[in-house]
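In this chain, numbering begins with 1 at the start of the sequence shown. Values below: every heavy atom of this structure, side chains too, minus hydrogens, waters and symmetry copies. Here the structure is a predicted model, which means the values were calculated and not measured.
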Amino acid sequence: NTVGHDIFKNLSKLTDIRGTFSGCSKLSTFIADDFNILPTTCNIVDMSDLFYGCSALRMPSKDSLGKPLSTLADLFAPATKLERADSVFWGVNTLTSEYLPDAIFENNKSLIAIVGLFNGCLGLTSLPDYLCSKTPNNNPKLLYASGIFANCENITSIIKNTLFTGMEKVQHLGFYR
């Protein structure tokens with residue numbers, strides 16, 4: 001029940017890892033010390049549902065000061081062709097705010113959808129100042145972002161007006177039940 005470091009390393013032609021670990025509720029150990037699971041030459045366009053429902057997933061290690069050795073920015077950075085990241089962490093209750101830094105999609109200019117990305121992540125208590133990018137219009141193709149933080153019942157921090165910077169073309173943010 002461990003996701004190994006560089007699990008997709010030798011799969012440079014890989015384009016779709018949608019749902020690879022979806023529903024693995026007993027998957028408890030994440031990548032040893034970091035989120036670096038993608039190949040250096042990365043052609044992945046769809047990561048949707050990658051860890052959907054992995055409610056027991058333990059996040060990567062922290063340093064002696066309690067700071068994460070790796071964050072979600074490290075997971076998405078190599079995927080420069082990424083188009084879809086829907087529900088990647090839906091229901092991953094162990095995902096905490098310290099793993100969610102500013103601008104996690106800074107390198108993902110082809111991104112179209114992040115629907116339900118963190119839906120039900122009960123470990124989130126605060127949000128970054130900038131979700132996708134610190135640069136306006138950085139994610140020009142991003143149109144769909146419904147329910148990104150739906151059911152994240154423990155978010156108590158003030159949400160900054162910069163949260164959606166870089167997402168100016170988004171057409172859908174609401175969550176429909």
query: What pairs meet the side chain to side chain donor-acceptor pair (under 3.5 Å) rule with one or both residues in residues 105-122, with sequence neighbours excluded?
result: Glu106-Ser133, Lys109-Asn138, Asn119-Asn151

- request: May I ask you to test the Leu131-Phe149 pair for a side-chain heavy-atom distance under 4.5 Å?
  value: yes

task: Consider only side-chain heavy atoms of I, L, V, M, F, W and Y, link residues closer than 4.5 Å, and tell whether Tyr99 and Leu122 are in one cluster.
output: no

message: Restricting to non-hydrogen atoms, name the atom on Pro140 and the atom on Lys169 that form the minimum distance, rounded to 0.1 Å.
response: O-CG, 3.6 Å

task: Would you mind reporting whether Leu72 and Val88 have side-chain heavy atoms less than 4.5 Å apart?
output: no

- prompt: If you look at every heavy atom in Asn43 and Lys81, which pair is closest and at what distance?
  reply: OD1-NZ, 2.6 Å

query: Roughly how far, to the nearest 0.5 Å, is SG of Cys24 from CG of Leu57?
result: 9.5 Å

task: Say whether, by atom type as modelled, one donor and one acceptor occur between the side chain of Asp102 and the main chain of Pro128 under 3.5 angstrom.
output: no

message: As a quick check of understanding, evaluate side chain to side chain contact (heavy atoms under 4.5 Å, CB included) for Ile148 and Phe164, giving each step before the final call.
response: CA-CA 11 Å; Ile148 305 169; Phe164 299 119; 4.1 Å; yes

- prompt: Taking atom CG of Leu14 and atom SG of Cys42, what is their separation to the nearest 0.5 Å?
  reply: 7.5 Å

- prompt: Roughly how far apart are Ile159 CD1 and Asn161 CG, rounded to 0.5 Å?
  reply: 11.5 Å

field: Validation row: Leu100, Phe89 side chains within 4.5 angstrom (heavy atoms)
entry: no

message: Taking Leu50 as the starting point, is it possible to reach Val45 by hopping between hydrophobic residues whose side chains are less than 4.5 Å apart?
response: no

- request: If you link ILVMFWY side chains whenever their heavy atoms are less than 4.5 Å apart, which other residues fall into the same cluster as Ile112? By chain and number, please.
  value: Val115, Leu143, Tyr144

Leu124 side, atom CG; Thr96 side, atom OG1 - distance, nearest 0.5 Å: 7.5 Å

query: What are the two closest heavy atoms between Ser25 and Ala56, and how far apart are they?
result: O-CB, 3.4 Å

- request: Would you name the heavy atoms of Ala145 and Met167 that are closest together and state the gap between them?
  value: CB-CE, 3.9 Å

message: Is there a side-chain contact between Met47 and Phe76 in this structure, where contact means two heavy atoms from C-beta onward sitting under 4.5 Å apart?
response: yes

message: Are Tyr130 and Ile155 connected into the same hydrophobic cluster when the rule is that any two of I, L, V, M, F, W, Y join if their side-chain heavy atoms are below 4.5 Å apart?
response: no

message: Hydrophobic cluster membership, with links at side-chain heavy-atom distances under 4.5 Å among I/L/V/M/F/W/Y: are Val170 and Leu111 in one?
response: yes

- request: Quick one: closest heavy-atom pair of Leu75 and Pro78, and the distance?
  value: O-CD, 3.5 Å

statement: Shortest non-hydrogen pair, Asp49 vs Ser22, comes out as O-CB, 3.5 Å

- request: Report yes if the side chains of Ile17 and Leu11 come closer than 4.5 Å at any heavy-atom pair, otherwise no.
  value: no

field: Evaluation steps, side chain to side chain contact (heavy atoms under 4.5 Å, CB included), between Phe105 and Leu142
entry: CA-CA 11 Å; Phe105 294 115; Leu142 185 57; over 6 Å; no

task: Output the distance between atom CZ (Phe51) and atom OG (Ser87), rounded to the nearest 0.5 Å.
output: 13.5 Å

- request: Would you check if the side chain of Ser146 reaches a backbone N or O of Gly174 as a donor-acceptor pair within less than 3.5 Å?
  value: yes

field: Leu163 CG to Cys132 SG distance, which is reported to the nearest 0.5 Å
entry: 8.5 Å

field: Check: Ser126 side chain, Ser97 main-chain N or O, donor-acceptor pair, under 3.5 Å
entry: no

